[in-house]
Amino acid sequence: MFKSKTSKIAGVLLLSASMLLSACGKEEKKETAGTATAKNALEQIKADGKIVIGVKYDTRLFGLKNPSSGEVEGFDIDISKQLAKDILGDEKKVEFKEVTSKTRIPMLNNGDIDAIVATMTISEERKKEVDFSDVYFDAGQSLLVKKGSSIKGLEDLKKGTKVLAVKGSTSAINIREKAPETTVLEFENYTEAFTALKSGQGDALTTDDSILYGMVDQDANYQLVGGTFTEEPYGIAVKKGNKELVDAINSALKKMKDNGKYDEIHKKWIKSN
Ligand code: GLU
């Protein structure tokens, strides 16, 4: 059965009117974001009823997408869920987006995500671009090699040795300072870097011990050597100037530490200490 011509026209008119209205609504939201009465980041998150967090999808133990469930899992994921629980009353009110070491700050500053919980070291350089929470995890940079490798520590990274690192990481910067003679090859993410190590494109892979333990978990033919040679305190980053959000995150972190939830998450994912 076909509708009459007039009801068809009325339908089209109604549709156009509602499209126009929703377009106006979007415009309005955009405008208020730029005015003095705009909501601060925390108020906006509460109004949206969700917090969008940038996490790693390829970093075992911290943020790894489980291909069978499609869910991301790890220490950073559980910390993020607790943030949502504390700020929005429900740990499900978090949306995850994948970041890499290179994309996380641009994605935050573009407004794609509200916060970064992604193995990110608090550094003076980065403080120029983003604001950080209190430290929520302590890592340190180390080296991963194939068992039996002649590389036992930093002192073995000589001229001609190839060390693999990830773009946008503090590890890539630090290694050039600590082993200036060595050749550093940079990859987009940790999956690519580890694959390159396994296929013999490099002699060692360098990043935080915490991330390297995840690789050993995946392939026991590899091991950490030489201990740690930097301090990598992890912080949660938000766009600069969002004091209310940083305060809310710090208060959530404090609560997690006080009520034992932090220790529970730590125990679940971090086996080394
Ligand atoms: N924590 C270091 C950093 O923030 C290395 C881990 C990473 O690349 O995310 O750069």
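From a predicted model like this one, the values you see are computed outputs, not experimental measurements. Just so you know, these numbers use all the heavy atoms, side chains as well, and skip hydrogens, waters and symmetry mates.
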Distance-only, no hydrogens or angles: does the D114 side chain make a donor-acceptor pair with backbone N or O of V52 under 3.5 Å? yes
Set out, in order, the CA-CA distance, both residues' side-chain angles and the distance that settles side-chain hydrogen bond (donor to acceptor under 3.5 Å, both in side chains) for Q201 and S199, then state yes or no. CA-CA 6 Å; Q201 290 179 56; S199 69; 3.3 Å; yes
Ionic contact status for R104 with E129, cut-off 4.0 Å: no
Interatomic distance, [X] atom [atom1] to [Y] atom [atom2] [nearest 0.5 angstrom]:
| X | Y | atom1 | atom2 | answer |
| --- | --- | --- | --- | --- |
| N66 | I77 | CG | CD1 | 11.5 Å |
| N40 | L42 | CG | CG | 5.5 Å |
| M256 | I265 | CE | CD1 | 6.0 Å |
| D48 | K39 | CG | NZ | 8.5 Å |
| L224 | I211 | CG | CD1 | 11.0 Å |

Would you list the pairs meeting side chain to side chain donor-acceptor pair (under 3.5 Å) in which at least one residue belongs to residues 49-60, sequence neighbours left out? K50-E95, K56-S101, K56-T119, D58-T191
Going by the rule ring pair (Phe, Tyr, Trp, His ring centres under 6.0 Å), which residues pair with Y190 if we only count those two or more places apart in sequence or in a different chain? none
Step through it carefully: locate the ring centre of F194, locate the ring centre of F187, and say whether they are under 6.0 Å apart. no
Going by chain and number, the hydrophobic cluster around I173 (ILVMFWY, side chain to side chain under 4.5 Å) further includes none
Positive for side chain to side chain contact (heavy atoms under 4.5 Å, CB included) with E232, one of V135, T170, T207: T170
Hey, which of I249, D131, L245 is the one that makes side chain to side chain contact (heavy atoms under 4.5 Å, CB included) with I236? I249
Listed by chain and number, what are the salt bridge (Lys or Arg N to Asp or Glu O under 4.0 Å) partners of [X], not counting sequence neighbours?
| X | answer |
| --- | --- |
| D78 | K268 |
| K261 | E264 |
| K167 | E188 |

Is there a donor-acceptor contact under 3.5 Å linking the side chains of [X] and [Y]?
| X | Y | value |
| --- | --- | --- |
| S80 | Q82 | no |
| Y222 | D217 | no |
| T206 | Q141 | yes |

Other residues, nucleotides and ligands only: do more than 12 of their heavy atoms fall within 6.0 Å of CD on E125? no
Closest non-hydrogen atoms of A118 and V99, given as atom of the first, atom of the second and distance, are CB-CG2, 3.8 Å
Anything under 30° is parallel, anything over 60° is perpendicular, the rest tilted; go ahead and classify Y234 against Y136. tilted
